[in-house]
Amino acid sequence: METLIMVGQLLLGLSILVGVHEWGHMVAAKSFGMRVEKFSIGFPPKIWGKQIGETEYSIGAIPLGGFVKITGMIDESLDTKTLNAEPEPYEFRAKPAWQRLIVMMGGIIVNVVTGIIIFIGLALANGEAYLPKEELNKHGIVAYDLGEQLGFKTGDKILAINGKDYERFSDLMSPDLLLGTDNYYTVLRDGEEVRIEMPNDFIDKFADKKNREFVIAPRWLFSVESIMAGSNADKAGLEAGDKITAINGKEIKYFDELSFTLDQLRGQTATFEISRNNERINLDIPVGEDGTIGFYQYREIDYITRDFTFFEAINEGTYNAFAVVWLNIKGFQKMIAGDVDVRKSLSGPIRIATFFGGTWDWNNFWRIVGLLSMVLAFMNFLPIPALDGGHVMFLTWEIVTGRKPSDRFLENAQKVGMVILLSLMAFVIINDTISLF
């Protein structure tokens, strides 16, 4: 069922993004009097189609893209049968270069606008919640395996990033930081300042979804918020409001200490020392094979929550949207420099589906769609023939020099671009498949 939900979200998200992208091309073309023959979401074979005026609207069976066919334009269809005749006034090739440039930019522009609108909506609907530096450093961090490999230790208090102050916990592993170079942390440990270097290729390890939860986390005090009915904790007499202070004589103060201790006691019965109404009591509680006893914790840690006004949401959403583009640029720089493994950085449809997750969460759905909309705009702007950016490159050349590339040159460039794109698509699909295993 989870797989179906992931696939459903992927198909819906791609349909929205491809639809608005191709709509941007179509509206720009029609506004300049160009004839649009086909508008398709998905690639052939066609599973549905309807002719409205001069344009056939259709849905293809391969939901990994879409296209708009404009008369007189050399595109991915490589249909050149009309190019031997004199151009008709309604053809793409008959229009001024600046109009053709706007048509080719139409999809990119609409994807950018879509991404911005989504991020604005998320900011307005959800506001933000974050853990400030001061709250984090009350008890320090928990260092997991990957964090320990970096040099962190549980209990460290992080004072600065690259010698500069920071505002919130999320800054410590922000995408901008991970995609940077020569980064370091200043840490307070046992009363002394320690410098911890981040390797430039650390993002390769962090990119693995399984590792992201095992770098560092905030440390917090806790108490029992509620008991799961019928659980071992319930049967032993644990109550809401209790504080677990020791297990088998070992002091317990923080929740990470509790988790680690229970993990070592799987399948065993342990003696829990409990603080209840200023009294100390002992309870013998069996620990499950999953390392739990059956209660919900109350985290004694204060997050700051902030709601945005409409105009604040516009500012926040626009910033977040363009931050995606900036991070993609930095990611490409990392790949070119050899600091990032391309196999871990490029995602195809299979891996993108896992980003949505196996449960339908509309907040997460729109966040991923907004992110993909900006990524789609960025990728389409790359100067590769067969992408919008390739057309933009040739049209810009025509506008600047006054010389239009020949139809034969454009046709051959389109073929080269298609080979590049199909090779890239094959690579990411194979890479995604291998990553599943």
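In this text, all values refer to a predicted model and were calculated from it rather than measured experimentally.
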Working to the nearest 0.5 angstrom, can you tell me the gap between [X] [atom1] and [Y] [atom2]?
{"X": "L283", "Y": "T269", "atom1": "CG", "atom2": "OG1", "answer": "12.5 Å"}
{"X": "L136", "Y": "R219", "atom1": "CG", "atom2": "CZ", "answer": "12.0 Å"}
{"X": "D156", "Y": "N137", "atom1": "CG", "atom2": "CG", "answer": "10.0 Å"}
{"X": "L387", "Y": "L421", "atom1": "CG", "atom2": "CG", "answer": "4.5 Å"}
{"X": "D182", "Y": "N200", "atom1": "CG", "atom2": "CG", "answer": "5.0 Å"}
{"X": "M393", "Y": "L382", "atom1": "CE", "atom2": "CG", "answer": "10.5 Å"}

[X] side chain near [Y] side chain, heavy-atom distance below 4.5 Å:
{"X": "M173", "Y": "L178", "value": "yes"}
{"X": "L258", "Y": "I247", "value": "yes"}
{"X": "M228", "Y": "D234", "value": "no"}
{"X": "T359", "Y": "I5", "value": "no"}
{"X": "M104", "Y": "F92", "value": "yes"}
{"X": "I293", "Y": "F272", "value": "yes"}
{"X": "I196", "Y": "R189", "value": "yes"}
{"X": "L172", "Y": "I161", "value": "yes"}

Report task. Any chance you could lay out the side chain to side chain contact (heavy atoms under 4.5 Å, CB included) test for M73 and H391, step after step, and finish with the verdict? Result -> CA-CA 10 Å; M73 175 183 167; H391 292 283; 3.8 Å; yes
For [X], does the [atom1] atom sit with more than 12 other heavy atoms under 6.0 Å from it, leaving out its own atoms?
{"X": "N277", "atom1": "CG", "result": "no"}
{"X": "Y319", "atom1": "OH", "result": "no"}
{"X": "K30", "atom1": "NZ", "result": "yes"}
{"X": "F39", "atom1": "CZ", "result": "yes"}
{"X": "F322", "atom1": "CZ", "result": "no"}
{"X": "Y298", "atom1": "OH", "result": "no"}
{"X": "F308", "atom1": "CZ", "result": "yes"}

Requested in this report: Could you go through the side chain to side chain contact (heavy atoms under 4.5 Å, CB included) check for L221 and K253 one step at a time?
Outcome: CA-CA 6 Å; L221 303 172; K253 185 176 181 181; 3.7 Å; yes
Requested in this report: State, without any angle test, whether D290 and T292 hold a side-chain donor-acceptor pair at a distance under 3.5 Å.
Outcome: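 The answer is yes; a qualifying pair exists.
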Side-chain ([X]) to main-chain ([Y]) donor-acceptor, under 3.5 angstrom:
{"X": "S58", "Y": "S40", "answer": "no"}
{"X": "Q9", "Y": "G357", "answer": "yes"}
{"X": "N364", "Y": "F356", "answer": "yes"}
{"X": "N315", "Y": "E312", "answer": "no"}
{"X": "Q268", "Y": "L265", "answer": "no"}
{"X": "N328", "Y": "V324", "answer": "yes"}
{"X": "Q51", "Y": "G53", "answer": "yes"}
{"X": "T186", "Y": "L159", "answer": "no"}
{"X": "N232", "Y": "P286", "answer": "yes"}
{"X": "S373", "Y": "N111", "answer": "yes"}

Under 4.0 Å between a Lys/Arg side-chain N and an Asp/Glu carboxylate O for [X] and [Y]?
{"X": "R35", "Y": "E37", "result": "no"}
{"X": "E22", "Y": "K38", "result": "no"}
{"X": "E316", "Y": "R306", "result": "no"}
{"X": "E300", "Y": "K138", "result": "no"}

Compare every heavy atom of [Y] with every heavy atom of [X], then report the nearest pair and how far apart it is.
{"X": "S223", "Y": "K243", "result": "CB-CG, 3.8 Å"}
{"X": "P44", "Y": "F67", "result": "CD-CE2, 4.0 Å"}
{"X": "P199", "Y": "L150", "result": "CD-CD2, 3.5 Å"}
{"X": "L10", "Y": "A353", "result": "CD2-CB, 3.9 Å"}
{"X": "I158", "Y": "I141", "result": "CD1-CG2, 4.0 Å"}
{"X": "I304", "Y": "P132", "result": "CD1-CG, 3.7 Å"}

**Report entry** Which residues share a salt bridge (charged side-chain N to carboxylate O under 4.0 Å, His left out) with D165, sequence neighbours left out
**Finding:**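 Partners of D165 by the salt bridge (charged side-chain N to carboxylate O under 4.0 Å, His left out) criterion, ordered by chain and then number, come out as K133.
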**Report entry** Partners meeting salt bridge (charged side-chain N to carboxylate O under 4.0 Å, His left out) with D284 (sequence neighbours left out)
**Finding:**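 With neighbours one apart ignored, the set is empty.
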**Report entry** Sole residue of T305, N363, D307 in side chain to side chain donor-acceptor pair (under 3.5 Å) with N126
**Finding:**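 For N126, the side chain to side chain donor-acceptor pair (under 3.5 Å) check succeeds only for N363.
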Requested in this report: Hey, can you tell me if H25 and H21 have their rings parallel, tilted or perpendicular (30° and 60° cut-offs)?
Outcome: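 Taking H21 first and then H25, their aromatic rings stand perpendicular (interplane angle over 60°).
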Query raised in the report: Parallel, tilted or perpendicular: which fits the ring planes of F255 and W220, with parallel below 30° and perpendicular above 60°?
Result: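 F255 and W220: parallel rings.
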Query raised in the report: How far apart are the C-alpha atoms of V375 and F378, what are their side-chain angles, what is the distance that settles it, and do they pass the side chain to side chain contact (heavy atoms under 4.5 Å, CB included) test?
Result: CA-CA 5 Å; V375 170; F378 171 76; 5.6 Å; no
Report task. Carefully, step by step, assess E239 and V224 under the rule side chain to side chain contact (heavy atoms under 4.5 Å, CB included). Result -> CA-CA 7 Å; E239 297 179 1; V224 176; over 6 Å; no
Query - ring-ring contact (aromatic ring centres under 6.0 Å, His included) contacts touching residues 155-185 (sequence neighbours left out) - result: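 Passing the test, one end in residues 155-185: F152-Y185.
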